[in-house]
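To start, the structure itself, in structure tokens.
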Amino acid sequence: MKILFYTLSLLFSMSVIAQSTGTIAGKLTDLDFNNEPLAFANVLIKGTTTGTTSDIDGLYIFENLDPGDYTLVFSFVGYDTKEIPVTVEAGKVTEVNVPMSASTASLDEVVITTTTRKESEVALLMDQKKAVEIKQSIGAEELTRKGVGDAAAAVAKISGISKQQSSSDVYVRGLGDRYQNTTMNNLTLPSTDVSKKNINLDLFTTDIIENVGVSKAYTSGFYGDFAAGNVNITSKAYTGKGFLSVSLGSGVNTSASGKDFVRNEGVSYFGYYNRYDNNPFAVVLSHPVDPEEANAPINFNGSFQAGTSINFDEDTKLSFFGSASFSNGYEFREGVARDFTNVLKVDFPNIEEYEYKTNTTALLNIDFKIDNSNKLKVRSLFINEGGDEVGYYGTKGEGYNRDGIASEDPNDLGFFVTNSRFSQNMVFVNQLLGEHQLNQGWSTDWGFGYNRVYADEPDRKRFSVENYQYALDNDPNTNPIFYTNIPFDNQRFFQSIDDNEYNGFVDFTKEFSENFKLKFGYNGRWKERVFSSVRYGYEIIDRDNTPIVDINNLDEIFNYSNITTVYNTVALNAISNQIGNKNVPGLPEATYKGQLFVYAGHLSAEWNAGEKLLIVPGIRVENFKQKIRYDVINIREDDPGMREVSETVFLPSLNFRYALNDDSNLRLALSKTMSLPEFKEVAPFVYEDVTVRIGGNPDLIGGINNSGVSYSNIYNAELKYEWFMKEGEIFSIGVFGKRIDDPVNRVVAADATGTQRYFRTGDKAEVYGAELELKKNLLTRESDEAVLALGFNASYLNTKQDLKTTTGTFTTSFDRSSDKLEGASDWVLNADFTYTPLMGEFKPRFTLVGSYFSDRIYSLGSGSLGNIVEKSVPSLDFVWNNPITDNFEINVSASNLLNPDISLVREGTEFGDITIYKYKVGVTAGVSLKYSF
């Protein structure tokens, strides 16, 4: 349309001046990026100083040219330069449209190519401006500048999104895990954690990320299970000449530095467990329980990336990109932990936790450009995450347990627990995708994915001790003894999850004209989870005559030679009633199998109602089937041990984009979506930590007789203004609202167990909020390159839900009629300053990044008990990037500079507000070296 406008204007002008000159106009497109407009490319008339650049839509124009022959030179950093001869005729417009592709001339160009088109802040702002839905993205260029190491930290830099320090939990607009979806290349990703719906975004290192986008407004192509938003990770692709880059780094954490670190026996440095081939009972009999001394707590990270392209002809190209990385980190936490149910049940005023984390990532991408109309992509990803934790609770002999202490101390002190566990998550993601430009305005995109997850917690070891103060008195005649209220106060626990998922989509687009486009398609998924756990307790035969001489040498007691004389092993689920459950293998005590099937068709249109208004109506018809079978302890005798629902829903959406001018948009989005409960919310298995018990509720999908609610309806509305001030700059402000019918919340039981379970706590919840975003260059050079840049975003959220008594398999009630929504912060703030001075040829970059979220409910308190509240956390990080040469750089970073308290508080108890968990994670500083060949 702009070319047409230019043409009409020029023809009128030329008729006035007797048509003595001519015009050249056209559009530049990117062959390697779906023929998207190529903005800010250079166009020069060869042999002259006359030149211009393409605008944000890829358009360029030369006016008032004398008739004759010219040669146009089209160039863009990282792209092949093209020279095209053009003849200008008086009174005419010569149209020259030029498709450009990535250069294979040199490494420098190749590296810049990837950054410029698909990872840069400018390109992503262009994408945001043209998008039909409301979304925001952050690319690899910005991630590097802010020192972001993974996808979880990346999305936390987007307005309205927060992430807790030392946790993978991400909140979008104050809504937690159950209200989000995560995809990679628009195909669904599995969860690696029994307690979460979404995959841990910490696992996706920036080495494999091209950009991370968050779509907060719904369109019909998304799955209907959409409330807060969809996080999509686009994996890095590559086209160009062969290259190899290597990076090595190291660092320390101030809390961990200098500590005598310990780790679990049987776990490798790279985060693998070595005994999966052994039956858990054999592990209990044969392998030690004491932690081992670890290496000095020095963090390490290393990675390499490589890629190359093979050009078969001008239009056919085969490209490879591979990346592999390993990182580890040491963290020491010192603080308090308490279990306050309806009374103070357990109190550890002094705890010490040693955690060693590893992350191994390998990515292989293959891109086959068959011709300018057909592309195939293969994406294969492997991730291994290991978490090795050793915890000591009650280290100063001041631990308290109201259920019984052998001490004669009037304060009943001396309760002590050791808790050692290792978790390993292995993720395999395989994807095949295709893009095809067909005839007569038709195009199609499709994708198919297969995901496999092994998530295990092998051999958690927990031992409970009384009179621990005697271990500190240096008197060999006084020693602690084991706490033996039940055999499972001293135990070994084994848990495994096996997830399989197939998912796919196919979309067809028909462009009838420049003003009207129709899109329809199908997407679906089949997901299955198999879970099992088994536990062995230690029955101490005569605890009074089994003193603990050395708390760090429990192997002296729990070894094979002491079975039947000092202790017996006890299985909760006996393998045979005839031989009993002592000193024999046991069967799993908890199992469940969950299945989810989704089949959906969608239809939408893109209608340009004039030059300024884009209208995108859509409809989605989705059928889902959700089923779970379980066999767990402590369930009602009349419970059928399964739930199953099948529903068909119709989900309309309507999006408007009105271009107020060339630089600003006004957007409106309306939609109906839904929220499905996750397996972990439904399965009534209870996971027991030292001071926390969390379990599911099968009534979330229909109740015992399938007469209840199986999903939540959600109604969404949003209005947003966007102003793209200059290249790389934006100001936006928006308001939004949601109504959630039959919302799900995590609730703390008002009983002695204090188990946290999931309930549909009321008939509806209302969410209202506002967001603001600003990216602005405060100081620039003559070339408009930023010297000092500011990024800032803020969101305000107000939530309210009604509360009611809920009965069924489990029951909960409240002494109040309403409350805020679980996981919702009133305020979320993010800001960053970047200073890039020029010192001759040296151009370092200094970035300061801060964030803040206000208090939010972690679990609703039932009865008259107060909520568990996650207290506000500010954070501040510093990054110093140093490109020494074109191929070599040194980067320095320091994260969590403020080192705030991370804490959970139980509000409104008879003793006032009680801190139930509190610790610091320390400041982590590091340096890394990167060299590209």
Side-chain angles (χ1 to χ4, degrees), residues 32-33 77-78 102-120 123 138-151 153-154 184-185 202-212 233-250 270 300-310 317-328 358-368 377-385 427 429-431 879 881-891 893 926-933:
D32 294 320
F33 197 46
V77 177
S103 170
T104 59
S106 72
L107 172 64
D108 293 340
E109 291 177 336
V110 171
V111 173
I112 296 173
T113 297
T114 306
T115 300
T116 302
R117 290 300 303 143
K118 304 175 185 179
E119 302 177 355
S120 74
I138 183 168
E141 181 182 273
E142 189 173 353
L143 299 181
T144 299
R145 177 171 63 83
K146 296 181 178 180
V148 173
D150 55 66
M184 186 175 85
N185 304 315
D202 287 346
L203 303 179
F204 293 86
T205 64
T206 51
D207 287 336
I208 67 173
I209 296 172
E210 184 174 281
N211 62 69
V212 181
I233 300 167
T234 302
S235 59
K236 281 188 178 179
Y238 179 79
T239 58
K241 188 178 179 181
F243 86 100
L244 171 67
S245 68
V246 178
S247 176
L248 295 173
S250 184
F270 292 98
F300 170 80
N301 62 82
S303 67
F304 78 86
Q305 299 181 49
T308 191
S309 293
I310 302 172
K317 180 185 296 185
L318 182 63
S319 301
F320 300 89
F321 174 75
S323 173
S325 66
F326 170 78
S327 64
N328 64 18
T358 66
N359 185 9
T360 304
T361 304
L363 173 74
L364 175 63
N365 286 351
I366 302 174
D367 290 77
F368 184 37
K377 303 177 182 179
V378 176
R379 303 289 184 259
S380 187
L381 173 68
F382 167 74
I383 299 174
N384 181 77
E385 175 199 37
V427 185
V429 178
N430 297 282
Q431 300 177 342
V879 183
N881 300 110
N882 294 281
I884 305 302
T885 68
D886 290 340
N887 296 345
F888 179 57
E889 61 183 75
I890 301 176
N891 300 315
S893 65
V927 61
S928 65
L929 311 177
K930 183 176 182 180
Y931 191 85
S932 298
F933 297 89

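Proximity of I890 to V927: side-chain heavy atoms (C-beta onward) are separated by under 4.5 Å at one or more points. Taking 4.5 Å as the limit, every side-chain heavy atom of L364 sits out of range of all side-chain heavy atoms of F382. A 4.5 Å side-chain heavy-atom check between T361 and L381 finds at least one atom pair inside the cut-off.
For the residue pair N430/S380, the side-chain donor-acceptor check at 3.5 Å is satisfied.
Screening S325, S928, S323 for a side-chain contact (heavy atoms from CB on, under 4.5 Å) involving S303 leaves a single residue, S325.
Closest heavy-atom contact between F270 and T358: O-OG1, 3.5 Å. Across all non-hydrogen atoms, the minimal contact from L248 to G302 is CD2-CA, 4.0 Å. Nearest heavy atoms, E889 versus P883: CB-CA, 3.9 Å. When every heavy atom of I366 is checked against every heavy atom of R379, the shortest pair comes out as O-NH1, 3.5 Å. Counting all heavy atoms, side chain and backbone alike, F933 lies closest to V246 at CE1-CG2, 4.2 Å.
Note that OG of S235 and CG of L363 are 5.5 Å apart. Values are rounded to the nearest 0.5 Å. Here the CZ atom belonging to F304 is positioned 12.5 Å from the OG atom belonging to S247, to the nearest 0.5 angstrom. Between the CG atom of N359 and the CZ atom of F326 there is a distance of 8.5 Å, given to the nearest 0.5 Å. To the nearest 0.5 Å, atom NZ of residue K930 and atom CG of residue N891 are 8.5 Å apart.
The side-chain hydrogen bond (donor to acceptor under 3.5 Å, both in side chains) check on S250 picks up nothing, with sequence neighbours excluded. Remark: T234 engages N185, E210, N211, N232 in a side chain to side chain contact (heavy atoms under 4.5 Å, CB included) (not counting sequence neighbours).
Relative orientation of the Y931 and F888 rings is tilted, given thresholds of 30° and 60° on the angle between their planes.
Without hydrogens or angle criteria, N328 side chain to F300 main chain gives a donor-acceptor distance under 3.5 Å.
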